[in-house]
Amino acid sequence: MAKILIAKIGLDGHDRGALLVARELKEAGHEAIYSGLHRTPEEIAIMSAEEDVDVIAVGILSGAHMALIPILIEELEKRQINKPITFGGIITKKESESLKNMGIKAIFNAGTPLKDIVKKIEQIANE
Amino acid sequence: MEKRLNIAKNLTLLENKKEGWKELYAKLLKSDWNLKTIVFAGPPGVGKSSILNYFVEKCNDKTTFLLIDPSSSISGGAVLADRARFKAKNNNKKPFIRSIASRGHHGGTSFSIWPFLRLFNSEKFQQAFIESVGVGQTSQELRGIADFLIVVLSPESGDSYQAVKAGLLEEADLIVINKSDREGAERLKSIMETITKKEVLNVSAKTNKNIDKLENKIKKSQTKNKRDKDIAETKDFATSLFLEKLNKKIKKEKRLNPLDFKIDI
Ligand code: B12
Ligand SMILES: Nc1nc2c(ncn2[C@@H]2O[C@H](COP(=O)(O)OP(=O)(O)OP(=O)(O)O)[C@@H](O)[C@H]2O)c(=O)[nH]1
Ligand SMILES: [Mg+2]
C-alpha cells in the first residue's frame, strides 16, 4: 500500500484525468489524497509533508507545467522535503526531456493506460 | 517546517503500527490532556468539509484538522478528498491538516484516531477538528472522542422517523442543518427540535449564513475533564485494536464455522 498525493496546480480546471488516476489507485489498494483544484506549489509542498505521502503525482493540462514544476521543486527543497514527483498531462517530447532532467521520475502523456500509471507509481513508491 | 515533518512521520508510525509505535504511544499518554476536540459527523455529502473550510481560515497553527474518509472494503484502498474542499487562502499560521483512511474501522473513525489525538495533545495543540466518515446511525464511539459533537444534516436528511431512531442524533451536542439556502431546512429544524429536544442550528456553507453562530458555540464548548476522556479512550481504543486483530484473523480463514471460532485475547 502506498500513499499518493494527486496534485492539481495552477489555474487548470481539468480534473477528469486526475480523478480517474485517483480511482485507479484506490482500486489497486492504495490511498490517494486529492488536493483539489487550483493549488499553489507551496500548498502542494505543505500538503505532501503533512500527509507524509510516498509520491507526489502532479497533473497539469493547462500548458503551464514548465513554469510551475520548477517552482514546486523549489518549494519542496526549501523545506527539505524529499519526495519523488511524477507528471501527467499534455506535454511535448522536448519538455518531457527537460522535466526528467529536473528530476521528475515519470511522465504520463494523455492516453497513457491507467494500469501503466499505477504500476509505475507503485514502482516509484517502493524505491 | 521541520517540526511539522516530524509530526507527520510520527503519525505514519502510529497509523501503520510500525516498530516503536507502542513505545511512542505510551510516552504520549504521559502528557496532560489539554486538547479540545470538535467532531463533525453526519451522512455523506451534507457539507461537513465545506463548513470546516471556514474554520481552516480562522485557526492558527495550534489547530489540527483530521479528515476521515472511507477505505474500500473490496481493495482496501481509498480516495481521500475532504481537504480538496478547503479553499482557504495561505497564511503563515496554517493549521496542520491530515487525511485518514478508515481502513476497515466501522465506528465513523479509524484505528489511529486515539494515538493521533494523543500526539497532537503532546505537541501542545489546543484544538482538533475531526471530520468523521459520512455515517449517522452507528457511530456512538464518536461520543467518546468528542468534547463537542456536531451532527450535520441537510434539508434532505429524512423526517420525523429519522429523528426518533436510536443513533448519533441521541449523542449530539448540537444538530446543524446545512444547505439551508435550499428549501426544507426550516421544516426539518422544527421536526428535529420537537423530537430530539436538542438545539438545532440552520447554516449554509455556501452563503456563510449562521456560520458565525456555529463558531461561537464551538468557542463556548469546554474540554471535558481528563478522567472522562481516559475511560472512553482506553475502552474504545482497546476494542478497536481487538477488532482489527479479529478482522485480520477472520480474513485469513478459508472456511469458518462461526460456532467453533476461537480467538485468543
Ligand atoms: C474534457 C476537456 C475539457 C473539459 C474539462 C472537464 C473536466 N472537469 O475535466 C472542459 C470543457 C471544462 C475544458 C475546458 C477548457 N479546456 Co479543455 N480539454 C478537454 C479535452 C477534450 C479532454 C481532457 C480529458 O478529460 N481527457 C480524458 C482524461 C482521462 O485524459 P487526460 O486528462 O489527458 O489524463 C490522462 C493523462 O494526461 C494523465 N494525467 C492527467 N492528469 C493527471 C494527473 C495525475 C496525478 C496523473 C498521475 C496523471 C494524469 O493520465 C490520464 C490517463 O492517461 C482536452 C483535449 C484532449 N484530447 O486531451 C482539452 C484540452 C486539455 N483543453 C484545452 C483548453 C485550451 C481548454 C480551455 C482553456 C478552453 C477555453 N478556451 O475555454 C478550458 C480551460 C478550463 C480550465 N479552467 O482549465 C487544451 C489545452 C491546451 C494546452 N495544454 O496547451 C486541450 C488539450 C484541447 C486542445 N487541443 O487545445 N476542457
Ligand atoms: N447549496 C449548498 N450546497 C452545499 C453547501 N455546503 C456544501 N454544499 C455542497 O455539497 C456537496 C458536498 O459537500 P462536502 O463538503 O464535500 O460534504 P461532506 O459532508 O464533507 O461529504 P463527505 O465527506 O463525502 O461525507 C458539494 O457539492 C458542496 O458544494 C451549502 O451550504 N449549500
Ligand atoms: Mg467531507
Side-chain angles (χ1 to χ4, degrees), chain A residues 1-9 11 13 15-16 18-54 56-57 59 71 74-83 114-115 118 121-122 125, chain B residues 1-18 49-50 53 56 61 63-104 110 112 116 119-120:
Chain A
M1 201 272 299
K3 250 173 115 174
I4 300 101
L5 179 61
I6 305 289
K8 290 292 302 181
I9 313 182
L11 298 173
D15 61 0
R16 277 190 212 163
L19 291 173
L20 282 175
V21 170
R23 193 210 61 199
E24 197 71 17
L25 286 165
K26 176 195 75 183
E27 286 178 5
H30 303 292
E31 291 177 357
I33 296 150
Y34 181 48
S35 71
L37 292 168
H38 310 311
R39 298 303 179 184
T40 64
E42 185 190 21
E43 285 177 307
I44 294 299
I46 293 171
M47 270 185 208
S48 76
E50 288 175 345
E51 302 284 1
D52 195 22
V53 291
D54 304 306
I56 305 173
I71 304 177
E74 192 187 310
E75 293 291 345
L76 289 164
E77 275 174 0
K78 215 159 76 185
R79 296 177 174 78
Q80 279 145 18
I81 302 167
N82 189 6
K83 293 183 189 298
L114 293 169
K115 295 262 182 288
V118 169
I121 288 179
E122 277 171 352
Chain B
M1 198 65 209
E2 210 174 298
K3 197 165 171 215
R4 286 196 166 214
L5 279 167
N6 206 18
I7 291 176
K9 292 253 177 286
N10 277 334
L11 292 173
T12 305
L13 180 101
L14 293 164
E15 182 171 42
N16 293 343
K17 300 198 174 65
K18 288 198 223 166
S49 306
S50 303
N53 175 48
V56 171
D61 61 354
T63 304
T64 177
F65 287 77
L66 303 174
L67 311 170
I68 310 165
D69 262 335
S71 297
S72 161
S73 53
I74 303 167
S75 70
V79 175
L80 311 174
D82 286 325
R83 75 180 300 160
R85 300 264 181 228
F86 293 174
K87 296 297 173 195
K89 277 286 138 271
N90 249 336
N91 57 35
N92 296 325
K93 290 192 162 179
K94 274 184 154 280
F96 191 112
I97 306 170
R98 176 89 167 201
S99 311
I100 303 172
S102 66
R103 296 193 181 175
S110 67
S112 53
F116 276 24
L119 181 74
F120 285 105

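First the proteins, then the strands, lettered A, B, ... as listed; each starts at 1. Only heavy atoms go into these numbers, but all of them, side chains included; no hydrogens, no water, no symmetry mates.
Glu31(A) contributes no side-chain N or O that, together with a main-chain N or O of Leu80(B), makes up a donor-acceptor pair within less than 3.5 Å.
The OG1 atom of Thr12(B) lies 8.5 Å from the CG atom of Asp54(A); values are rounded to the nearest 0.5 Å. Atoms CD1 and CD1, on Ile97(B) and Ile33(A) in that order, are 12.0 Å from each other to the nearest 0.5 Å. Atoms NE2 and OG, from His30(A) and Ser72(B) in turn, are 12.5 Å apart once rounded to the nearest 0.5 Å.
Among residues two or more places apart in sequence or in another chain, the salt bridge (charged side-chain N to carboxylate O under 4.0 Å, His left out) test is passed with Arg79(A) by Glu42(A), Glu75(A). By the salt bridge (charged side-chain N to carboxylate O under 4.0 Å, His left out) test, Arg98(B) pairs with Glu15(B), sequence neighbours left out.
When each of Gln80(A), Lys78(A), Glu50(A) is checked for heavy-atom pairs under 4.5 Å with chain B, Glu50(A) comes out on top. Chain B forms more heavy-atom pairs under 4.5 Å with one residue of Arg39(A), Met1(A), Lys8(A) than with any other, namely Arg39(A). When Ser35(A), Ala32(A), Ala22(A) are compared by the number of non-hydrogen pairs under 4.5 Å with chain B, Ala32(A) comes out ahead. With chain A as partner, the option from Gly76(B), Ala8(B), Ala101(B) having the largest number of non-hydrogen pairs under 4.5 angstrom is Ala8(B).
Residues Ile81(A) and Leu5(B) form a side-chain contact, since some pair of their non-hydrogen atoms from C-beta on lies under 4.5 Å apart.
Heavy-atom distances place no part of Ile74(B) under 4.5 Å from chain A, backbone and side chain included. Contacts between Lys3(A) and chain B at a heavy-atom distance below 4.5 Å involve the side chain alone, from C-beta outward. Contacts of Glu27(A) with chain B are made by backbone atoms alone, with heavy-atom separations under 4.5 Å and no side-chain atom involved. With a threshold of 4.5 angstrom between heavy atoms, Arg23(A) approaches chain B through N, CA, C or O but not through any side-chain atom.
Checked for salt-bridge contact, Lys87(B) and Glu43(A) miss the test: no charged N lies under 4.0 Å from a carboxylate O.
Glu51(A) approaches Ser99(B) most closely through the heavy-atom pair OE2-OG, 2.7 Å. The minimum heavy-atom distance between Ala81(B) and Tyr34(A), with the atom names listed, is CB-CB, 4.2 Å.
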